[in-house]
Every structure is written in C-alpha cells, then in structure tokens.
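Each chain gets a letter, A, B and so on, in the order the sequences are listed, and its residues count up from 1.
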There are 2 protein chains.
Amino acid sequence: METKAATSIFESLSSSWRLEAFRLLVKQGPEGMVAGDIASALDIAPSSLSFHLKALAHAGMVTVEQEGRFQRYRANIPLMLDLIAYLTEECCSGNPGKCVDLRAASSCADALLPPILPKQAKS
Amino acid sequence: METKAATSIFESLSSSWRLEAFRLLVKQGPEGMVAGDIASALDIAPSSLSFHLKALAHAGMVTVEQEGRFQRYRANIPLMLDLIAYLTEECCSGNPGKCVDLRAASSCADALLPPILPKQAKS
DNA sequence: ACAACTATTCAACAATTATGGAAACGATGC
DNA sequence: GCATCGTTTCCATAATTGTTGAATAGTTGT
C-alpha cells in the first residue's frame with residue numbers, strides 16, 4: 001500500500017461520523033446497509049452523511065451498490081486488512097527476536113475475499 | 001477504546017508527514033529516534049515536524065522522553081494494536097460462521113508490552 | 001555566565017474541511 | 001406522466017488544519 005492511499009484511508013476514518021458509519025458497516029458484514037438506515041442509526045442529516053460516505057468511498061473503505069432507489073453501502077474488509085498490514089509491517093525491524101508476524105489472520109477475510117491479500121508471507 | 005480516542009488516532013495518521021514519522025518509529029522499535037534524526041530522515045522543517053509529532057503524541061501514538069538535549073520519540077505499539085482491535089471488533093457480527101477472531105497476535109507486543117491488552121476474549 | 005545546540009512555541013497567513021438547507025437527480029408505483 | 005421517495009449535489013458559511021520563519025526555552029560544555 002502506498003502512503004497516499006493510507007493517509008486517505010486514515011483521513012476517512014478521522015471523523016466521528018465516518019468512523020461510526022464504517023464500524024457500523026463492519027459490524028453489518030456482507031449485508032451492508034442502505035444510506036437511509038445509516039442516517040437513522042447515526043442520527044445525522046442526509047446531506048451530511050452523504051458527504052462523509054463519499055469520503056469513505058473515495059478512500060475505498062466502503063463500496064456502494066444501487067438497489068432500487070436505495071444505495072447500499074458495504075465495508076471493504078480486505079482493504080481494512082491491507083491497512084492493518086501496512087501499519088504493522090516492518091515493526092521493530094532489526095530486532096528479529098522481538099517481532100515475528102503481526103499480520104492479522106481473519107476468517108472474515110476468508111469469507112469475503114476473492115484471491116486478495118497476496119501479501120508476501122514474510123519468513 | 002472510545003470513538004473519540006480512535007478518531008484522534010486516525011486523524012494523527014492522516015497526514016503524510018505524520019504517517020511516515022510513525023512508521024519510521026514503528027520500524028525503529030524500542031530504540032526510537034530523536035527529533036532531529038526524524039527531521040533529517042523525512043527532510044522536513046523542524047518546526048513543522050514538531051507540530052506533527054505533537055499531534056501524534058497528543059493522540060498517544062508516540063511517546064517522548066528527554067535525553068540530554070534531545071527528545072527521543074517512540075511508537076506506542078500497544079496502542080496501535082488496541083486500535084486494530086477496535087477497528088476489527090464485531091466484524092460481521094451475526095455471521096459467526098464467517099467471522100471468528102481478527103485480533104492480531106504480535107510478538108512485538110510480547111516484547112514491548114507490560115500487561116496491556118486485557119481485551120475481552122470475544123466468545 | 002556565555003555560546004552552541006536541540007527542539008518547541010508563536011503568529012500570521014493560506015488552504016482545507018464540515019455543516020445544513022434547498023435544489024436536483026434517478027427510481028418506483030399509481 | 002406525475003407524485004413520491006431516497007439520496008446526492010450545490011451553495012454559502014463556519015471552523016479547523018498546515019506552513020513558514022522568528023523568537024523562546026532547556027541542556028551542555030567551556
């Protein structure tokens with residue numbers, strides 16, 4: 001992952017509205033949620049939520065799918081895991097005894113991902 | 001972790017300077033780095049780096065220790081792991097078959113942490 | 001006490017981001 | 001086709017954040 005992409009993601013999670021929305025979607029899993037339900041759950045003005053969801057979508061942290069007149073949002077779990085890997089990679093380099101492998105193993109990933117996360121296995 | 005603390009952390013990682021500085025410190029491990037060396041490594045104006053390190057410190061992501069006339073900064077690895085746990089907790093709730101346990105296991109944590117991360121084990 | 005060194009604080013300015021209401025857009029059902 | 005519904009876009013305004021260089025503060029060695 002590139003720095004620019006990572007900062008974009010962190011920026012997208014740096015507001016309470018956006019973080020709450022994303023966590024709601026993570027909790028919801030593959031089912032996702034439509035915009036109106038998110039707005040109700042968070043008690044936020046629709047235009048404001050739209051602004052924030054757009055930021056999350058631009059960072060890639062959520063996906064949108066049209067569903068009739070609704071917009072269904074889903075958390076991008078694979079990207080979340082990529083971010084975690086990015087954040088923790090090379091942790092304590094030079095102290096091999098202290099740092100082994102931080103990469104998260106996720107059954108959520110197993111359930112949701114195609115052949116993503118080809119990440120090098122780090123000996 | 002509370003939402004407010006989490007957004008503060010994400011905000012602290014949402015600028016390129018701050019993310020690069022933090023990653024540098026993660027890489028450096030327990031040894032940390034003094035401010036001047038960070039500034040040299042990133043090629044950033046001292047006052048600007050100070051501004052960003054202050055943001056990271058305020059969020060708790062780095063610690064500072066005076067060392068003679070230097071200020072030594074270190075990444076707060078335990079907090080980083082807390083953040084990861086916060087981000088991934090309750091992932092796909094309601095789909096127990098899909099989501100088991102995302103919590104990262106870190107030997108870095110083992111090396112650095114006191115008795116931190118008492119996190120509930122999530123049934 | 002003084003000078004050199006490291007780092008932070010300050011202040012002014014520039015740039016970006018957040019907000020909510022109104023308008024617009026696309027989809028649906030009568 | 002028209003009214004309705006869900007959502008986004010637009011707009012003006014308010015608030016926050018980032019950047020520089022100069023000034024300040026603390027530490028060390030002479």
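- Cation-pi check for B:R18 over A:F10 is not met; the charged atom does not lie both under 6.0 angstrom from the ring centroid and within 45 degrees of its normal.
- Here the side chains of A:S14 and B:T7 are not in contact, with every heavy-atom distance at 4.5 Å or above.
- Taking 4.5 Å as the limit, some side-chain heavy atom of A:V62 sits within range of a side-chain heavy atom of A:L25.
- Between B:E65 atom CD and D:dT27 atom C1' there is a gap of 15 Å when expressed in whole angstrom units.
- Overall, the helix from C:dA1-D:dT30 to C:dC30-D:dG1 carries an axis bend of 30° between its ends, with five pairs at each end and the value rounded to 10°.
- Atom NE2 of B:H58 is separated from atom P of C:dT9 by 12 Å (rounded to the nearest Å).
- Rounded to whole angstrom, the span from the CZ atom of B:F10 across to the C1' atom of C:dT17 amounts to 19 Å.
- Contact annotation: the side chain of B:M80 approaches that of B:V26 to within less than 4.5 Å [non-hydrogen atoms, C-beta and beyond].
- At most 12 non-hydrogen atoms from other residues, nucleotides or ligands lie less than 6.0 angstrom from CD of A:E2.
- Between the B:R74 side chain and the B:P30 main chain, a donor and an acceptor come within less than 3.5 Å of each other.
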Exercise. Encode nucleotides 1-17 of chain D as B, S and - characters from 5' to 3', where the letter depends on protein heavy atoms closer than 4.0 Å: B to the base, S only to sugar-phosphate, - to neither.
Key: ---BBSSBB--------
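- One atom, CD of B:E67, and another, P of C:dT8, lie 13 Å apart when rounded to the nearest Å.
- Between A:H52 and the phosphate of C:dT19, there is a side-chain N or O to OP1/OP2 separation shorter than 4.0 Å.
- The residue among B:A55 and B:Q66 whose nearest nucleotide of DNA chain D lies closer to the 5′ end is B:A55.
- Here the options are A:Y73, A:W17, A:F22, the test is side chain to side chain contact (heavy atoms under 4.5 Å, CB included), and the partner is A:L53; only A:Y73 passes.
- A salt bridge links B:E89 with A:R23: the distance from a Lys NZ or Arg NE/NH1/NH2 to an Asp or Glu carboxylate oxygen falls below 4.0 Å.
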